[in-house]
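Atoms considered below: every heavy atom in the structure, side chains included; atoms not considered: hydrogens, waters and symmetry mates. For reference, positions follow the sequence shown, starting with 1.
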Amino acid sequence: MSRLNRFLGRESELELIAAAAEAVHSSSDPRFILIEGPPGIGKTSLLNEAVARLSGWSRANVYLDVADRATPGYAAVRLLHKPQRSRAPTDGEGLAALVQEQTDGIREPVALVIEDLQWMDSLSAAVIYQTIREVEDVPMLSLVTSRPTTRPDLLPLERYTATAGEALRIELEPFSRAEVRELLQRETGLPISANVAARVHDATGGFPSFVSYVIDTLTAPEEAITAAALDRALEGLGRGAGPAESQRLRIRQIFEEAPADVQQVLALLALSRYPLADHEIRELLGVASVDVEALRNSSLVQESAKSGRFCLQHRIFQQCLVVDLPREQRVDLHMRLARVHAGTSAARHQAEAALLDPSVGDRPAIVAALTDAARAASRAGDNAETLELSRLAFEVDRSGATLEVLSFAAMRAGTRVDIDSTISWAHSHDNVHPVLRRGILARESLIRGDLESTLGFLAGGEGLAEASPQALLCYADTVLTASRTAGLRGSYWHLFQVAERTVEVLQLLEAKLEADDPAVRTRMATPEQLLAETRGLRVSLQLWRLLEDMDAAQPESFSREVETLLDEVRRVPGTESAQMVLLVARGALLRTAGRLTEAYADLIAAIENWPGRNRRALAQAEIHITYLLFEAGLWSEAQDFAESAAAEVLDISEENVAPVAFNAAHLVPAARGQRAAQNWPFDLRAHVRRMTDTSLGRAGRGFVEAWGATSAQDHERVVSSVLGLQAELNIWSRALTPAVLLGRSLFHSGRAQALPALISTIRADEHSSTAQREYVLRHLRGLAALGAGKHATAYEHLSAAMSTISAIPALKSTHVPGDGGALSIYRGLLALDLGHCVALGRDSLQEKVEQTSEWVLWAGSMFQGCGADGLFHQADEVFQTLRKPAGVAGTTERARMIDLPEGLSSKARFALTGLTNREREIALMVGQGLSNKDVAEELVLSVRTVEYHVANALGKLALESRHALRRMLQDEAESGLRSA
């Protein structure tokens, strides 16, 4: 599965090497490139990738090892042909002359590769430096890799790269967070959030082989790209999987090469939490001096230019070194560091020593210090620090008290207790409060997917009222997580009883906290923090209970109840996450109920006010905003939100968000007809299919496929997709608009007789907004009448539908009033159907042609702005049919909608279609500010002819001057469009 030799990134470095190679090839002048970087950074991978791209070049290799430093001239001799090596001179001058002679004989392009310059002997360094400095007119590209070194005998080669135009030094650093994000996106084919990229960067250090391991794990054929898969990859690196072992051996080798006193310093730096100064190192080790130069030359250490303090260059180096240090040495160094450091740092070192050797340190004192530090961090709002300290305290002393502290810290940090033995320990020890134990075991069962065990552990209300605040909140958090699980919601009434009991006890706790009852005080959080956690959990549980009754509830009553909950949490600082969840839930319901502007206000408030408070709620808000903007015709904005939601998937452990997010990201490409043309770096379709093969996923896929088929006029596929969507659990359970897609395709595929049953279903709906239901019914009734050949009746219904949909408020103030901005896409489809109606019933509807043409023209402009080529071409066909004079066969000279430039208002488009081709062409040029003379020169016409066409165009357009023409063409407003 793993492809550790995969080459990632480094495009700019490859371009530099390629440019140098091109210079060698074109001029036959040599070039020298030094590739420098820390061990494991990918120097060899870059070199091999660069040489592999040099077509027609030969390659000469010199591989060096630490032992080669002891053999004078070893590297220089390896530059000679094999027969010459045994007779090579041993003196520097003779060896240099022989190497120079052989180099001068090179006639064809050759890449000279020297790996690990830091192990080169001094004689070879002098010979090679002299050779590359003096060689001329030779097509040779020298590529040399090296770790950072301060060896004086190698410095001339390094200085050469800074002074010679024929030389170059490439310093490799770990990938930045931005580069890691770009690589993840490119290799997985998914949008990746900055938060996910930061997690991967922190775990991999930006080292290419480590990043490659994560990518390989995510894109493995048997994996689905999920948060769980990412967690496994990062946890695998922490356990030494993938490239970690080879990196450990590499660092171990460097460590063993160093003198014994430098090894002691390296071991100390690996365990220290802070950079150390020279005098601190001497004090800690009890030595009179430290070989600073040898330390600097180890290629593992970084020295601060400002403070002069030393630390290991990368955290990965620390991890590799610590693994190989003897236990006794680690205990000794931790205790030394604990004596020098103070406060929390000292407690950490004492704890690490105690974990390695139970006989070391005062465990109760260590736990007390760690717990005090965790409390201080918790009260300061530093959840990550609190979690780390609490975890360490539990490992030092596994007790009910430390487990409670750890569980509370994990709950506040939004993660789970992930110490391997925590679950079994909590299950088998009696000094754990039963409520806390049930919450921990239920959470573990939920993660494993064992829903029956989850319910079993949560069942029963014994001890809830007597539990400590921390234990009760941890239990309540598990109940909330279970309530959000699709496999439990709607299936087990017993869970709702558990939730109701939990809400009651949380309300009692709130009352005590507001009364400042000493019995519920805890040092792990301030009273304000504890009240915020309690109320946030309580209202969230009440919300999910409301959502279970959503199908029976009226949107107005649901909205009022949510507003009541919002009022409760707004009074308590620190409840932003709960506020966000409430707004998103209400926005989602309002969207499906057709109350679009209210839904948009809730969802956009959640996204803009608290984007980092709750990533799951953020993704859900972005998904619903995607569908709102899609229907409003703002497809580019919709796609941005969809990709942002999909980018959060790898950071959300609850996988029911993933299928909805992935489908939302495919909606706009599908409707634009671009989905099949997407370039996937691997078989992502199979991964997405696996991720979306759930009820939520199938419903979302049906919606995507329905719109793709609508754009392609594949009415059979529209029908099957929408019917499949309606059969699944989905986030459109109340939405009426998919019925329009179904009704249109039934009509256009010759099955208009099925429309009355669909109309009856819509008419029976009592939850959707009156305006949206009225629009949908009018649209469907018009199609039914058109299918029965009643053209006048059909036009009456469809034009009434146009009036209704045009009156629906726009999502944003930038929309033109009266164009039905919140449902622009459906208004466009309605315009097409009106066009069909008038075209089919032209004998009785001739007077409706001009108005209908205007609507169709508006629809074409809107579809074009969306990038929906399929729908735009459909509008163009309908428009041409309407503009063709009745009873006249053949084509006319009038402009087609498709021939007009983008960016014109509907009014301008409609006006221009009344001109001849030449008049339209000249009018557009005049509208751009060209004079008659300019137009004449451009079109190779006489000025008099241009004047004639301009006059005709102005007359047909009822305009008084060319300035009025320019204003009309540049006017983007739709003020001239007649109201529906």
Any donor-acceptor N/O pair, His201 side chain to Ala197 backbone, under 3.5 Å | no
For the pair Leu403 and Leu436, evaluate side chain to side chain contact (heavy atoms under 4.5 Å, CB included) and give the outcome as yes or no after the intermediate values.
-> CA-CA 9 Å; Leu403 178 61; Leu436 179 62; 4.3 Å; yes
Can a salt bridge be assigned to the pair Glu235 and Arg232 using a cut-off of 4.0 Å between side-chain N and carboxylate O?
-> no
Return the minimal non-hydrogen interatomic distance between Arg438 and Ala459, and the atom names on each side.
-> NE-O, 3.8 Å
Once you round to the nearest 0.5 Å, how far does CZ of Arg570 lie from CD of Gln579?
-> 6.5 Å
Before accepting this row, confirm whether a basic side-chain N of the pair Asp278/Arg309 lies closer than 4.0 Å to the acidic partner's carboxylate O.
-> no
Worked check of side chain to side chain contact (heavy atoms under 4.5 Å, CB included) between Asp324 and Cys320 = CA-CA 7 Å; Asp324 280 332; Cys320 292; over 6 Å; no
Trace of the side chain to side chain contact (heavy atoms under 4.5 Å, CB included) decision for Ile440 with Cys474 | CA-CA 8 Å; Ile440 291 173; Cys474 292; over 6 Å; no
Are Ser289 and Arg282 linked by a side-chain donor-acceptor pair shorter than 3.5 Å?
-> no
Ser272 side chain to Leu268 backbone, donor-acceptor under 3.5 Å | no
Ser445 and Asp450 side chains, donor-acceptor separation under 3.5 Å | no
Taking Thr575 for its side chain and Val572 for its backbone only, find out whether a donor-acceptor pair lies under 3.5 Å.
-> yes
Sub-3.5 Å donor-acceptor pair from the side chain of Thr478 to the main-chain atoms of Gly439, do we have one?
-> yes
Any donor-acceptor pair under 3.5 Å from Thr217 side chain to Tyr213 backbone | yes
Exam field: side chain Arg379 to backbone Arg523, donor-acceptor pair closer than 3.5 Å = yes
Can you tell if the side chain of Tyr475 reaches within under 4.5 Å of the side chain of Leu458, non-hydrogen atoms only?
-> yes
Go through the side-chain N and O atoms of Asn195 and Ser193 and say whether any donor and acceptor fall under 3.5 Å apart.
-> no
Ion pair present between Glu504 and Arg501, side-chain N to carboxylate O less than 4.0 angstrom?
-> no
Identify the heavy atoms of Ala619 and Ile652 that sit nearest to each other, and give their distance.
-> CB-CD1, 3.7 Å
For the residue pair Val180 and Gly206, what are the closest heavy atoms and their distance?
-> CG2-CA, 4.5 Å
Do the non-hydrogen side-chain atoms of Ser468 and His433 ever get within less than 4.5 Å of each other?
-> no
What one should report as the nearest heavy-atom pair of Leu464 and Val505 is O-CG1, 3.6 Å
Backbone N or O of Ile192 within a donor-acceptor pair of the Arg181 side chain at under 3.5 Å?
-> yes
Distance col, row Asn297:CG vs Glu257:CD, nearest 0.5 angstrom, shows 10.0 Å
Are any of the side-chain nitrogens in Arg616 or Asp651 under 4.0 Å away from the carboxylate oxygens of its partner?
-> no
To the nearest 0.5 Å, atom CG of Leu276 lies from atom CD of Glu283 at 10.5 Å
Side chains of Leu530 and Thr526: does their closest heavy-atom pair fall under 4.5 Å?
-> no
Indicate whether any N or O donor in one side chain lies under 3.5 Å from an N or O acceptor in the other, for Gln470 and Ser407.
-> no
Are side-chain heavy atoms of Phe317 and Pro39 found at a separation under 4.5 Å?
-> yes
Under the salt bridge (charged side-chain N to carboxylate O under 4.0 Å, His left out) criterion, do Arg437 and Glu444 qualify, and how do the steps go?
-> CA-CA 11 Å; Arg437 178 188 291 114; Glu444 192 269 341; over 6 Å; no
Starting from the C-alpha separation in whole Å, work towards a yes-or-no answer on salt bridge (charged side-chain N to carboxylate O under 4.0 Å, His left out) for Arg252 and Glu245.
-> CA-CA 10 Å; Arg252 179 68 183 178; Glu245 178 64 16; over 6 Å; no
Could Arg375 and Asp372 be called an ion pair, given the rule that one side-chain N must be under 4.0 Å from one carboxylate O?
-> yes
Are a donor atom and an acceptor atom from the side chains of Gln247 and Ser209 found within less than 3.5 Å of each other?
-> no
Kindly determine whether Leu389 and Thr371 satisfy side chain to side chain contact (heavy atoms under 4.5 Å, CB included), including the steps that lead there.
-> CA-CA 7 Å; Leu389 293 166; Thr371 305; over 6 Å; no
Derivation and outcome, salt bridge (charged side-chain N to carboxylate O under 4.0 Å, His left out), residues Glu388 and Arg348 = CA-CA 10 Å; Glu388 181 186 351; Arg348 282 195 175 101; 3.5 Å; yes
To the nearest 0.5 Å, what is the distance between CG (Leu337) and CD (Glu280)?
-> 10.0 Å
With no hydrogens and no angle check, is any side-chain donor or acceptor of Gln253 less than 3.5 Å from a backbone partner on Arg250?
-> no
Can you name the closest pair of heavy atoms from Ala203 and Leu237 and give their distance?
-> O-CD1, 4.3 Å
Got a second to check how far Leu269's CG is from Gln264's CD, nearest 0.5 Å?
-> 11.0 Å
Taking side chain as C-beta onward, heavy atoms only, is Ser390 less than 4.5 Å from Thr402?
-> no
What class does the angle between the rings of Phe210 and Phe207 fall in, given that below 30° is parallel, 30 to 60° is tilted and above 60° is perpendicular?
-> perpendicular
Ignoring hydrogens and geometry, is there a side-chain-to-backbone donor-acceptor pair from Arg327 to Leu356 under 3.5 Å?
-> yes
For the rings on Trp544 and Phe496, is their centre-to-centre separation under 6.0 Å?
-> no
Matching residue for His349 among Arg273, Met335, Arg336, Arg339 - test: side chain to side chain contact (heavy atoms under 4.5 Å, CB included) = Arg273
Are the side chain of Ser299 and the backbone of Pro38 linked by a donor-acceptor contact shorter than 3.5 Å?
-> no
Close side-chain approach of Gln313 to Leu300, heavy-atom, < 4.5 Å = no
For Arg412 and Thr386, test the side chains for any donor-to-acceptor distance below 3.5 angstrom and give the result as yes or no.
-> no
Working to the nearest 0.5 Å, report the span between NE2 of His314 and CD of Gln319.
-> 12.5 Å
Between Leu509 and Leu531, is any pair of side-chain heavy atoms under 4.5 Å apart?
-> no
Side-chain touch Leu230/Arg199, heavy atoms, less than 4.5 angstrom = yes
Verdict with supporting geometry, Asp477 and Arg443, salt bridge (charged side-chain N to carboxylate O under 4.0 Å, His left out) = CA-CA 9 Å; Asp477 188 56; Arg443 177 66 66 95; 2.7 Å; yes
Please report the closest heavy-atom contact between Ala354 and Val360, naming both atoms and the distance.
-> CB-O, 3.7 Å
